[in-house]
Amino acid sequence: MSSNILIVESKNDKYFLQAIIRYLNFNIEVAPPIIISEDDYRAMNGLNPTKLKDALKDLKADIQKGEIERVGIVIDIDDQLEIERINFVNQCIQEVFSESQLLEKVKEFININFDGCNIELACYFTNFNGQGELETVLKMIKSQNSDYADCLETWKDCLNNHNKSITVKEFNKFWVSLYLRFDTCSKKEKKQAERKCSFESAMIEKAWIWDFEHPTLNDLKKFLQMFC
């Protein structure tokens with residue numbers, strides 16, 4: 001029986017997408033439920049061409065067995081232009097599937113043919129207003145009071161006053177970490193913080209701390225619905 005595969009950058013991306021997919025399974029009104037099992041993810045553990053190519057190569061055997069119908073690549077846009085990210089993905093695809101079509105847009109399938117096999121492949125770049133990464137999106141869709149995390153802005157001002165700096169990416173990751181540990185974890189949970197206040201726990205056991213109806217997620221939802 002064929003299935004759909006999402007290739008993602010990291011475990012956190014995996015947990016995040018799994019949470020949205022679980023949510024959509026019960027809330028998609030027009031499209032049928034998304035059928036992507038919890039095991040159908042290939043985490044790239046950091047973005048670079050070699051890892052993406054390796055992830056695609058690993059799929060070949062499953063594709064040849066007829067076990068895969070559609071592949072989605074979900075990576076952060078970071079500070080790149082969309083066309084730069086598309087070119088990056090195309091380069092990796094061409095090195096693994098030399099006769100394949102080229103991606104021209106996000107959220108649009110291309111056909112990949114090799115050794116008598118055919119699959120569809122599309123990509124999506126995690127972003128907010130065309131920039132950022134997973135943590136940028138998470139800041140936008142938080143649903144709970146975030147006083148502890150928001151006070152990091154004052155800390156950042158203090159750093160600037162001392163001629164120190166922190167990148168936007170580092171700041172956002174720190175923000176999410178504090179939101180999980182201090183804004184959304186109870187005193188009891190903090191006693192088992194490594195497990196109860198972890199990102200995995202936040203997506204599996206406490207998905208309510210995120211607003212999955214936030215407009216920021218609309219494009220991502222459209223992409224996921226392509227795999228129904």
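Throughout, residue positions are numbered sequentially from 1 according to the sequence presented.
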* To do: Would you please indicate if the ring centroids of Tyr179 and Trp175 are separated by under 6.0 Å?
  => yes
* Applying side-chain hydrogen bond (donor to acceptor under 3.5 Å, both in side chains), name anything that partners Glu189, two or more places apart in sequence or on another chain. => Ser186, Lys206
* If we ignore angles and hydrogens, is there a donor and acceptor under 3.5 Å between the side chains of Glu213 and Tyr23? -> yes
* Which residues pass the side chain to side chain contact (heavy atoms under 4.5 Å, CB included) test with Ala55, sequence neighbours left out? -> Ile7, Met44
* **Rounded distance (nearest 0.5 Å) linking atom CZ of Arg181 with atom OG of Ser198** => 11.0 Å
* Kindly write out the residues that satisfy side-chain hydrogen bond (donor to acceptor under 3.5 Å, both in side chains) with Gln80, not counting sequence neighbours, or none if the list is empty. => none
Solution key, residues 151-162 side-chain donor-acceptor pairs under 3.5 Å, sequence neighbours excluded:
residue : atom : partner : partner atom : Å
Asn160  : ND2  : Lys156  : O            : 3.4
Asn161  : ND2  : Asp157  : O            : 3.3
His162  : ND1  : Cys158  : O            : 2.9

* To do: Return yes if a side-chain donor-acceptor contact under 3.5 Å exists between Thr136 and Gln131, otherwise no.
  => no
* To do: Please check if Trp208 and Met203 belong to a single hydrophobic cluster, counting links between Ile, Leu, Val, Met, Phe, Trp and Tyr side chain heavy atoms closer than 4.5 Å.
  => yes
When the side chains of residues 104-115 are checked against the rest of the protein, which donor-acceptor pairs come out under 3.5 Å, sequence neighbours left out?
residue : atom : partner : partner atom : Å
Asn113  : OD1  : Asn118  : ND2          : 2.5
Asp115  : OD2  : Gln64   : NE2          : 3.2

* Do Lys169 and Glu133 sit within salt-bridge range, that is, some charged N less than 4.0 Å from a carboxylate O? -> yes
* To do: Enter the distance from Ser10:OG to Leu134:CG here, rounded to the nearest 0.5 Å.
  => 6.5 Å
* Please state whether the rings of Phe223 and Phe227 are parallel, tilted or perpendicular, taking 30° and 60° as the class boundaries. => perpendicular
* So which of Arg195, Glu194, Lys190 actually passes side chain to side chain donor-acceptor pair (under 3.5 Å) with Gln192? -> Arg195
* Salt bridge between Asp78 and Arg85, side-chain N to carboxylate O under 4.0 Å? -> yes
* To do: Would you list the pairs meeting disulfide bond (SG atoms under 2.5 Å apart) in which at least one residue belongs to residues 171-209, sequence neighbours left out?
  => Cys185-Cys197
* Asked: Checking side-chain contact (heavy atoms from CB on, under 4.5 Å) for the pair Asn12/Val176: CA distance, chi angles, key distance, verdict?
  -> CA-CA 12 Å; Asn12 282 358; Val176 171; over 6 Å; no
* **Close side-chain approach of Met140 to Thr216, heavy-atom, < 4.5 Å** => yes
* Asked: Has Phe171 got more than 12 heavy atoms of other residues, nucleotides or ligands less than 6.0 Å from its CZ?
  -> yes
* Within-4.5 Å side-chain heavy-atom neighbours: Lys53 and Pro49 -> yes
